[in-house]
Amino acid sequence: MKGTIKLISEMTGFSPATVSNALNHKRGVNKQTVERVLQVAEEIGYSVKPRISKIKFVIYKKNGLIINDSPFFPAVIEGVERQAKNLQFETVFCNIDSSSPDCAEQVHSILEDTSAAVILLGTEMTEQDFQLFQNPKCHLILLDGWSDTITFDSVLISNTDSACHAVEYLIEKGHKKIGYLRGRFRIKAFSYRSIGYKRALGKANFPIEPQHIITLGTTTESAYRDMVAHLEWARDLPTAFFADNDVIALGAMRALQEKGYRVPEDVSIIGFDNIPYCEISSPRLSTIHVFKQEMGEIAVRRLNDHIRQESKVKTKIQVCTEFVERESVRDLNAT
């Protein structure tokens, strides 16, 4: 006779709901009941899948130029850990360096382990990197990343719309010459933000001026040095800049101020991420707030849904942002 939940229910005297909960190790079922149900399930050949009690948070580093030393990622991790604890998952951290000789071997080992579910931090990943993670045997969700060629469950920032809204804010404040502080390491998030920047200018019928698009390093120091070098020869600055992130914006702002430009009187700046430093910079940086902890929590809940419901449907969840108006943007309409 084929093993079924109904048969286990008849043999143990427990209701089908109790049997199902016991097989899935859900709360509210005492230890003795679970043991009895599992014993009978084994006797009749009912397939019991191993319980997933662990989430592997995989941090994939291309070069660390975005992930290292940024306060963005500890906040994401905090959200993952908090939600995982609430759902009774243990969180284990794995670091993968793409330049490591055994990188592919490490990835293969993670994807073959069906006893754990995976949250993959895709911030620094390129399309080529995503190829390593296709067809996983474990449950996997991509956090802060998206592949254009492989379908993953993903939770990411609404990058394009958010950047577009920030540039539209500058246009509303009377700015017609709006530049773009472009991160040199072109992660996917930056690429989508550049689309938002161009979309907003296009909607306003403003030209995109190549001389106003400045490529800077993605650490505060490298952004500062690159901006200083640019200002040595640049004579035609826009009245405002949108930056790929706060780190770039803050480095550029320091360079502008050292070269005698006043922010926001001469040049306005908007960042992206709303890292804590934005509140203590001078002037305080207007930026886009990303719900970092919530993104981590959503990724865990989505992973839990897959584990419990065995859903085959993949989703792309874009988390909306919130504009934070501070003191780094001048209202040209008021002059």
Side-chain angles (χ1 to χ4, degrees), residues 55-84 91-98 107 110 117-134 136 139-163 166 183 185-196 218-219 243-248 271-276 287-304 306 314-322:
I55 290 176
K56 289 182 180 177
F57 189 92
V58 179
I59 301 169
Y60 188 93
K61 288 187 180 183
K62 195 72 175 177
N63 51 33
L65 291 175
I66 304 297
I67 293 175
N68 289 351
D69 303 321
S70 170
F72 177 94
F73 301 100
V76 173
I77 290 170
E78 183 181 339
V80 168
E81 288 187 301
R82 183 167 59 197
Q83 189 62 61
T91 308
V92 177
F93 294 92
C94 303
N95 287 280
I96 295 180
D97 189 331
S98 65
V107 172
I110 288 169
V118 172
I119 294 177
L120 173 61
L121 185 64
T123 306
E124 292 192 351
M125 295 178 69
T126 64
E127 278 301 324
Q128 184 178 357
D129 299 315
F130 289 125
Q131 300 291 330
L132 289 171
F133 290 88
Q134 60 182 329
H139 294 282
L140 182 146
I141 190 164
L142 187 59
L143 178 60
D144 193 32
W146 176 253
S147 169
D148 294 323
T149 57
I150 303 170
T151 303
F152 291 100
D153 263 294
S154 300
V155 176
L156 63 155
I157 303 164
S158 180
N159 288 294
T160 300
D161 289 345
S162 300
F185 176 33
R186 299 309 291 164
I187 61 173
K188 279 193 167 287
F190 290 174
S191 297
Y192 288 128
R193 290 170 197 177
S194 72
I195 293 171
T218 53
T219 66
D244 267 334
N245 67 14
D246 294 335
V247 170
I248 294 169
F272 200 119
D273 287 338
N274 195 25
I275 63 176
T287 185
I288 296 164
H289 178 72
V290 176
F291 293 93
K292 300 172 265 300
Q293 294 182 7
E294 290 83 354
M295 284 181 64
E297 292 174 353
I298 291 168
V300 174
R301 289 198 296 270
R302 182 63 184 147
L303 206 51
N304 185 57
H306 273 284
K314 290 182 171 61
T315 59
K316 176 183 181 182
I317 301 173
Q318 293 196 55
V319 179
C320 297
T321 59
E322 188 174 89

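Nothing here was measured: the structure is a model prediction, and the numbers come from that model.
With values rounded to the nearest 0.5 angstrom, Cys94 atom SG is found 12.5 Å from Leu121 atom CG. Here Leu303 contributes atom CG and Ile141 contributes atom CD1; the two are 6.0 Å apart, rounded to the nearest 0.5 Å. The distance from atom CZ of Phe72 to atom CD1 of Ile77, rounded to the nearest 0.5 Å, is 10.5 Å. Note that the CD1 atom of Ile59 and the CG atom of Asp97 stand 12.0 Å from one another [nearest 0.5 Å]. From Ile110, atom CD1 reaches atom CD1 of Ile96 across 3.5 Å, with rounding to the nearest 0.5 Å. Taking CG of Asn304 as the reference point, atom CD1 of Ile55 lies at 7.5 Å (rounded to 0.5 Å).
Nearest heavy-atom pair across Ile119 and Val300 is CD1-CG2, 3.6 Å. Among all heavy-atom pairs drawn from Ser158 and Gln318, the shortest one is CA-OE1, 3.4 Å. Of all the heavy atoms in Ile157 and Met295, the pair that sits closest is CG1-SD, 3.6 Å. Trp146 approaches Phe152 most closely through the heavy-atom pair CZ3-O, 3.7 Å. Shown here for Leu143 and Ala299, the closest heavy-atom pair between the two residues is CD1-CB, 4.2 Å. For the pair Gly271 and Thr287, the tightest heavy-atom approach, listed with the atom from each and the gap, is C-OG1, 3.2 Å.
With sequence neighbours excluded, the residues that form a side-chain hydrogen bond (donor to acceptor under 3.5 Å, both in side chains) with Thr321 are Ser162. In terms of the side-chain hydrogen bond (donor to acceptor under 3.5 Å, both in side chains) criterion, residue partners of Gln83 (sequence neighbours excluded) are, by chain and number, Arg301. The side-chain hydrogen bond (donor to acceptor under 3.5 Å, both in side chains) check on Gln131 picks up Gln134, with sequence neighbours excluded. A search for ring-ring contact (aromatic ring centres under 6.0 Å, His included) contacts involving Phe93 returns Phe57, not counting sequence neighbours. A search for side chain to side chain contact (heavy atoms under 4.5 Å, CB included) contacts involving Glu127 returns Phe130, Ser147, Asp148, Thr149, Lys188, not counting sequence neighbours. Residues meeting the side-chain hydrogen bond (donor to acceptor under 3.5 Å, both in side chains) test with Thr123, sequence neighbours left out: Asp144. Remark: Thr151 engages Lys314 in a side chain to side chain contact (heavy atoms under 4.5 Å, CB included) (not counting sequence neighbours). With sequence neighbours excluded, the residues satisfying side chain to side chain contact (heavy atoms under 4.5 Å, CB included) with Ala189 are Asn159, Ile187, Arg193. By the ring-ring contact (aromatic ring centres under 6.0 Å, His included) test, Phe133 pairs with Tyr60, sequence neighbours left out. Shown here are the side chain to side chain contact (heavy atoms under 4.5 Å, CB included) partners of Pro74, two or more places apart in sequence or in another chain: there are none. Shown here are the ring-ring contact (aromatic ring centres under 6.0 Å, His included) partners of Phe291, two or more places apart in sequence or in another chain: His289.
Between Glu124 and Ile67, the closest side-chain pair of non-hydrogen atoms falls below 4.5 Å. Using a 4.5 Å heavy-atom threshold, the side chains of Phe272 and Val290 count as touching. Counting heavy atoms from C-beta outward, Val247 and Thr218 have side chains that stay 4.5 Å or more apart. The side-chain heavy atoms of Ser194 and Arg186, taken from C-beta on, include a pair separated by under 4.5 Å.
Remark: the backbone N or O of Leu65 is paired with a side-chain donor or acceptor of Asn63 at under 3.5 angstrom. For the pair Ser154 (side chain) and Lys316 (backbone), a donor-acceptor distance under 3.5 Å is absent.
Listed by first and then second residue, the salt bridge (charged side-chain N to carboxylate O under 4.0 Å, His left out) pairs that reach into residues 74-83 are Arg82-Glu297, sequence neighbours excluded.
A salt bridge does not link Lys61 to Asp129: none of the charged side-chain nitrogens sits closer than 4.0 Å to a carboxylate oxygen.
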Can Glu294 and Val319 be said to form a side-chain contact (heavy atoms from CB on, under 4.5 Å), step by step?
CA-CA 9 Å; Glu294 290 83 354; Val319 179; 5.7 Å; no
